[in-house]
Every structure is written in C-alpha cells, then in structure tokens.
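Here's the structure, in structure tokens; my notes come after.
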2 protein chains.
Amino acid sequence: MLNQPQVVSAKTRERVQAAMKELNFHLNPAASALRRGHGNVITVLAASLAQPWYTKLMRALKVEIEARGFTVMLVDLQHDPEVLRQALLPNSQHLPTGMVLATGDLLADTETFEAIRAAHATRPMVVIGQHVPDAEWPTVQFTDEEWAYRATREMLQHADSVAFLGQLEGSYLATERLAGYLRAVREVGLDEERWVWPIATRGYEAGLEAVHRRIDAGEIPGAILAINDELALGGSRALLTRGLRIPEDVAVMGFGNTDFLDYVTPTLSSVDGSATEAARVAIDALWAQFEEQPFPELTVLERTLVHRESTRNSEPA
Amino acid sequence: MLNQPQVVSAKTRERVQAAMKELNFHLNPAASALRRGHGNVITVLAASLAQPWYTKLMRALKVEIEARGFTVMLVDLQHDPEVLRQALLPNSQHLPTGMVLATGDLLADTETFEAIRAAHATRPMVVIGQHVPDAEWPTVQFTDEEWAYRATREMLQHADSVAFLGQLEGSYLATERLAGYLRAVREVGLDEERWVWPIATRGYEAGLEAVHRRIDAGEIPGAILAINDELALGGSRALLTRGLRIPEDVAVMGFGNTDFLDYVTPTLSSVDGSATEAARVAIDALWAQFEEQPFPELTVLERTLVHRESTRNSEPA
DNA sequence: CTGAAAGCGCTTACAG
DNA sequence: CTGAAAGCGCTTACAG
C-alpha cells in the first residue's frame with residue numbers, strides 16, 4: 001500500500017496515513033533498498049571540489065538527480081587515480097544504483113579503464129568530459145579541441161604569439177586543448193613548441209608561478225590561452241605585478257567561464273560550456289540505462305567564446 | 001567472522017577471504033545497515049555550495065569523516081529554510097547516523113528550531129556557525145562579533161569612516177558581524193547608522209551593485225568591511241570601475257580568507273578562520289555522541305586578520 | 001479490497 | 001573454533 005496507494009480504498013488509505021503521522025513513522029530506507037535490490041543514491045565522482053567548474057557542474061547534476069527523486073553522494077577525487085579506483089570498488093558503495101564520473105584526468109590508461117569497466121558491469125554509469133575508446137558507457141563531452149583552436153586563431157588576429165598555459169601530463173582535457181592550440185599555431189606557420197608552457201598543478205598559484213618564470217626568462221607572448229580560469233587569473237596576477245598591461249601587452253583567455261570572471265580587474269575572457277546542458281544529457285543517459293532503453297554513446301556539446309576586458313575584441317564585430 | 005576476523009582460525013580466514021576474492025563478493029551495505037540499525041553515512045548540510053568558504057569547510061569535514069571510515073552525503077541548502085526543513089525529515093535520510101549542519105542563516109526561529117530538535121532526537125548532530133539558545137546539540141563557532149569589531153577598529157586608524165557591506169535579514173553571521181562593527185563605530189563616536197549597507201544576496205554581483213548604488217548617491221567611505229570575500233571582490237570591482245583607488249581612496253576587507261584573494265588585483269585582505277580546526281572540533285563532538293561520551297556544548301574558535309594590498313597596513317607593525 | 005507470509009543479505013547470539 | 005538459526009524492516013506475490 002505504501003508504494004501503490006491507489007490499490008486500497010480511500011478510507012483505509014487515510015486511516016493508515018493518519019496513523020503514520022501520529023506515530024511519527026517513516027520508512028527505513030536501508031530496508032527498502034535491501035528488498036528492492038537498489039537504493040536511491042547516485043554517486044557523483046568529481047575531479048576536484050577546489051575547482052569552480054566542477055562546483056558549477058555538481059550543482060547542475062544535483063538539480064537533475066533530485067528532480068528524479070534520487071539523492072546525490074559526492075566524492076572528491078582530488079585528481080588522484082587511486083582515490084578514483086577506491087571509489088569504484090563495489091564495497092565502498094551503497095547499493096549499485098548509478099554513478100556519474102566527471103573528470104578531465106586521463107581515463108584511458110589500462111588500470112583505470114579496467115576499474116571503470118568492472119564498476120559499470122555492476123551498475124549504470126555515465127562519464128562527463130572525455131570519450132574513452134572502447135567505452136561501454138555513455139559519454140558527454142565538449143568540443144575542446146575545436147574551441148581551443150578557435151580561441152587561439154582569434155587571439156592570433158591581435159597578437160603575433162599566443163602561449164598555451166597548461167601542458168599537463170595525465171590530463172585528457174589539457175591534451176585536447178593543446179591539440180587545438182597546436183593546430184591553430186601550425187596553420188599560421190608559427191613555431192609549435194616555443195610557447196607551450198607546462199604547469200605543475202591546476203590552481204591559481206601554478207598559473208602565477210609559471211608566468212613569473214617565463215617573464216624571468218624574457219619570454220613574453222602577445223596573448224595567453226589557459227586551460228582553466230584559475231590559471232588565467234594566477235597568470236594575470238603575474239603579468240600585472242610585472243607591470244605588463246592586459247590586454248594591451250598580453251591578452252588572456254581561460255576555460256570554464258566561472259563565476260568570478262566578471263568581478264576581477266581586468267575582467268577575464270573565457271571559453272564557456274554549459275554545465276546545465278551537460279548535466280541534463282548525462283542524467284538522461286543514466287536513466288535510459290535504468291530503464292534499459294538505448295542511449296547515445298557519445299554526446300558532443302558546443303562551446304562559446306565569452307569576451308571580456310582581457311581580450312582585445314571584447315566588442316565582437 | 002567478517003566483522004571480527006580474529007575469532008576464526010588463520011586457515012579458515014584465508015580460505016574465506018580467497019573465496020570472497022574469487023567470487024568478487026562484497027558486503028551489501030543496505031543489509032548491514034538494516035541489521036546494525038545504522039549506516040555509515042554522515043549527512044553534511046551546507047548553507048551554499050556556491051560560496052567558497054563552505055567549499056573549504058566541506059573539504060575539511062570530508063577529511064575528518066572519512067578518516068573515521070564513514071562517507072559523506074552533501075546537501076546544498078541554498079540558504080533556503082524550506083530545503084533545510086525537508087532535509088531534516090527522517091524519511092529523506094538514510095538510517096540515522098549523524099548530521100553536520102553548517103550555516104550562517106538564522107536557526108533560532110521557532111519553526112527551524114523545532115525541526116532541528118526533532119532531527120536531533122533521532123540521531124547525533126553538530127552545528128557549525130552559530131549557537132542557538134537552548135540548543136541540546138554541540139555548537140562550533142567563530143568569534144565573529146569580536147573580530148568584526150577588531151577589523152573595524154583597525155581600519156578606523158587609517159580612515160575616518162568604515163562602511164559595513166552586508167546587512168542581511170535572517171543571517172546570524174551578518175548580524176553578529178554587524179554588532180561588532182557597531183560596537184567599534186560607537187566607541188569612536190561615529191554615526192552608527194550612516195555607513196551600514198544592506199545587500200540583496202551574498203554573491204559577487206550583490207557587492208558590485210550595492211557599492212555602485214552608494215557611489216551614485218555620493219557616499220564614499222574611507223574603508224569597507226564586507227561580510228564575505230565575494231562581496232568584497234564585487235565591491236572592489238565597483239570602486240575600481242568608478243576610478244577609486246584601493247586602498248588609497250577606499251580600503252577593503254572581507255571575511256573567510258578564501259583561495260582567490262592572493263590572485264586578484266589588488267589582493268584582498270580578509271578575516272580568517274580555520275576550516276580545518278572547525279571541522280576537527282565538530283566531528284569530535286559528533287563522535288562523542290555516538291560513543292555516548294560528554295561533549296563540549298559550545299566551542300568558540302579564534303580568528304585572525306590577514307592583511308593584503310587592499311588595506312593600508314599590509315605590513316603589520 | 002485486505003491480510004498474512006516469504007525473503008532481500010546481512011549480524012549476532014547460541015548450540016555444538 | 002565452527003555452523004545453523006533468528007531477525008533487522010521493508011516489498012511483493014499470493015490467498016482469501
């Protein structure tokens with residue numbers, strides 16, 4: 001009766017509901033989960049809670065998941081493949097209901113790939129951020145190579161060199177964006193290697209340090225494309241403290257279009273991608289698996305360039 | 001045997017463990033929870049995931065909770081009392097294991113207070129951020145009134161007026177900080193009401209708007225104390241776009257000492273409080289309840305002033 | 001439409 | 001030290 005209230009008569013139903021209220025009775029979710037064979041929790045594995053983009057995505061995912069009557073369990077992977085593998089083990093989970101894996105860290109290496117395969121054998125799953133060859137799960141990702149290419153080409157209209165702030169081993173996203181950057185640089189006949197800047201980590205401080213080091217070495221490009229907004233802000237700070245003007249001396253563009261960009265000085269341009277849309281498509285694909293419906297193997301979402309003060313063409317033609 | 005491996009002989013133990021591995025067997029957590037009477041999930045209710053301070057606190061809480069072998073379920077309250085009340089209902093929870101409530105929104109009003117009381121009757125609980133009179137649960141909070149007072153006094157050494165950016169109804173934290181500000185202003189004999197600025201919400205945009213409005217009205221103080229770092233950044237942006245210099249014309253200080261303050265220009269001063277320490281004390285008090293040990297009813301943690309470019313005495317004497 | 005019974009997968013107390 | 005049994009609180013199939 002509790003799960004199909006319409007099968008009993010209205011009178012009985014009301015009597016039961018009154019009694020439930022009076023006795024302050026509530027279903028025991030562990031017992032329900034045991035009997036049904038699954039709980040109502042979706043685990044979201046996010047690359048890092050310290051990065052604003054994942055916070056943004058996380059909130060969008062919560063909206064979609066809660067709209068379906070499920071709750072979210074959030075795991076902060078901290079960019080550590082070992083944390084991911086642990087999180088994927090069945091015993092660290094609640095009953096296998098579903099998982100969302102959102103990370104830009106490379107998943108195609110053998111060990112991680114096998115861990116995901118094993119986890120996916122037990123429960124529905126969706127990956128946001130990267131398509132792994134031979135994946136059996138649905139993937140949602142952005143057109144990163146393409147938009148890194150476009151951002152670079154556009155910056156090259158106003159600058160004779162563009163640095164890529166964000167070469168990072170083990171990062172799928174950094175590698176995709178680097179590929180787009182290199183394609184653009186190659187097309188205009190510039191030296192491909194010259195302005196590729198590696199970073200130590202993904203945070204503000206790493207951006208600050210990398211740019212300081214290059215200025216010390218006398219290498220000052222006409223523009224910088226950073227793989228995220230934190231690096232863009234850290235890099236900007238380094239430029240400003242060294243007396244360089246943004247965008248007059250060096251233009252700056254990040255990735256992610258996170259909240260703070262409109263409030264820093266100068267405001268920062270960024271390559272945007274809709275967290276809301278990514279979340280919607282991903283959760284649709286997850287639910288299709290619950291219902292044993294077909295799902296799109298790969299969904300590719302477009303991006304847009306958002307110009308602010310840190311790039312020269314903040315007034316698009 | 002699974003829960004007390006030492007009671008069986010080494011040979012049997014190994015045989016069982018080998019079989020578990022071979023069959024890829026894992027305990028069903030719902031069944032364990034049902035039998036034991038409680039699960040291993042701590043629910044963390046945070047005021048807003050959009051605010052960097054709560055992200056910081058959340059990460060510290062996860063560390064403490066996971067160190068004890070429990071997992072974290074995160075709920076974003078979005079500053080909505082209705083969401084809080086829903087989250088406190090027993091049926092929206094897993095088995096009653098424990099809850100951490102971290103919010104600066106006023107809890108002392110009758111309805112919310114009753115909801116917390118009812119939830120606390122079912123399970124251990126700890127509140128971070130505010131002491132509610134007659135609370136039966138442990139509370140961890142910072143010395144907000146005191147440090148708002150000290151920050152204001154210090155800014156008054158270099159400015160003849162300090163504005164308070166953050167009057168906000170329904171916020172315990174805003175009210176505490178306003179009280180400290182007013183005490184400082186009163187002590188030096190200034191008009192108490194004149195520089196108290198209300199805000200519409202807690203984000204960057206609200207800070208920007210509030211400050212623009214005041215500049216339009218010709219009200220320019222010598223310094224601004226904001227109740228969080230987002231408002232401080234939004235407010236700074238407004239000052240800079242109107243040609244005001246920070247700190248020469250207007251000094252700025254926020255609350256929370258979040259990540260980005262060292263990378264914006266000018267870097268922003270802030271009143272710090274240790275999220276790590278708050279998390280440690282809170283989870284200790286939660287576990288004391290599990291073990292039916294006594295716990296401190298109220299723990300008050302100190303704060304510190306962190307000076308950066310946006311205040312005049314960035315080199316403390 | 002209603003009520004009683006079986007069983008989900010564990011944990012624990014108990015008998016051997 | 002080992003094995004078999006009871007029971008946590010639900011859901012669902014079935015008998016009345």
Side-chain angles (χ1 to χ4, degrees), chain A residues 1-43 68-71 73 88-99 118-119 121-124 287 290-292, chain B residues 1-43 68-71 73 88-99 118-119 121-124 287 290-292:
Chain A
M1 119 90 200
L2 289 178
N3 303 291
Q4 297 168 56
Q6 67 287 3
V7 305
V8 298
S9 64
K11 221 181 84 193
T12 314
R13 190 162 63 233
E14 272 161 36
R15 200 154 51 87
V16 172
Q17 282 165 348
M20 281 174 65
K21 187 135 197 183
E22 185 176 331
L23 299 169
N24 195 26
F25 172 87
H26 295 279
L27 283 178
N28 177 326
S32 296
L34 176 57
R35 179 59 234 231
R36 282 190 205 272
H38 65 87
N40 68 336
V41 177
I42 303 295
T43 304
R68 289 165 168 86
F70 277 57
T71 51
M73 170 145 265
L88 289 170
L89 293 179
N91 61 345
S92 65
Q93 297 306 321
H94 294 261
L95 281 181
T97 305
M99 297 185 91
T122 329
R123 69 191 75 106
W287 251 256
F290 290 153
E291 292 157 4
E292 301 188 344
Chain B
M1 119 90 198
L2 289 178
N3 303 292
Q4 298 171 56
Q6 66 286 4
V7 306
V8 299
S9 65
K11 221 180 85 194
T12 314
R13 189 161 62 233
E14 274 161 33
R15 203 153 51 86
V16 173
Q17 282 165 351
M20 281 174 64
K21 187 136 197 183
E22 186 176 330
L23 299 169
N24 194 28
F25 172 86
H26 294 278
L27 283 178
N28 177 326
S32 296
L34 176 57
R35 180 56 235 233
R36 283 192 203 270
H38 66 87
N40 68 335
V41 177
I42 302 295
T43 303
R68 289 166 167 85
F70 276 57
T71 50
M73 172 144 262
L88 290 170
L89 292 177
N91 61 345
S92 66
Q93 298 305 321
H94 294 260
L95 282 181
T97 304
M99 296 184 94
T122 329
R123 69 191 76 110
W287 251 256
F290 289 153
E291 293 156 3
E292 300 185 347

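We use all heavy atoms of the structure for the numbers below, so side chains are in, but hydrogens, waters and symmetry mates are not. Below, chains carry the letters A, B, ... as their sequence lines are ordered, and counting in each starts from 1.
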| query | What class does the angle between the rings of A/F70 and A/F290 fall in, given that below 30° is parallel, 30 to 60° is tilted and above 60° is perpendicular? | reply |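 Taking A/F290 first and then A/F70, their aromatic rings lie parallel (interplane angle under 30°).
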| request: Dot-bracket notation for DNA chain D is requested: 5' to 3', Watson-Crick or G-U wobble pairs only, both distances under 3.5 Å, with ( ), [ ], | and . as defined. | output: |||.||||||||.|||
| For B/N40 against B/G69, the heavy-atom pair lying closest together |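 In this case the closest contact between B/N40 and B/G69 is ND2-O, 3.8 Å.
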| Excluding sequence neighbours, so at least two apart, what forms side chain to side chain donor-acceptor pair (under 3.5 Å) with B/R68? |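 Result, side chain to side chain donor-acceptor pair (under 3.5 Å) vs B/R68: B/E64, B/D284.
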| task | Using the test side chain to side chain contact (heavy atoms under 4.5 Å, CB included), find all partners of A/E292 that sit at least two apart in sequence or belong to another chain. | result |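 Result, side chain to side chain contact (heavy atoms under 4.5 Å, CB included) vs A/E292: none returned.
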| Is the backbone of A/G39 close enough, under 3.5 Å, to the side chain of A/T97 for a donor and an acceptor to pair up by distance? |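 Indeed, once roles are kept as given, a pair shorter than 3.5 Å links the two residues.
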| said: side chain to side chain contact (heavy atoms under 4.5 Å, CB included) for B/M73 and A/V41? Distances and angles first, verdict last. | reply: CA-CA 10 Å; B/M73 172 144 262; A/V41 177; 3.9 Å; yes
| For the atom pair CE (A/M99) and CD1 (A/I42), what is the distance rounded to the nearest 0.5 Å? |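 Going from CE on A/M99 over to CD1 on A/I42, the span is 10.0 Å.
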| said: Base contacts versus sugar-phosphate-only contacts with protein, heavy atoms under 4.0 Å: please encode nucleotides 3-8 of chain C as B, S and - from 5' to 3'. | reply: ---BBB
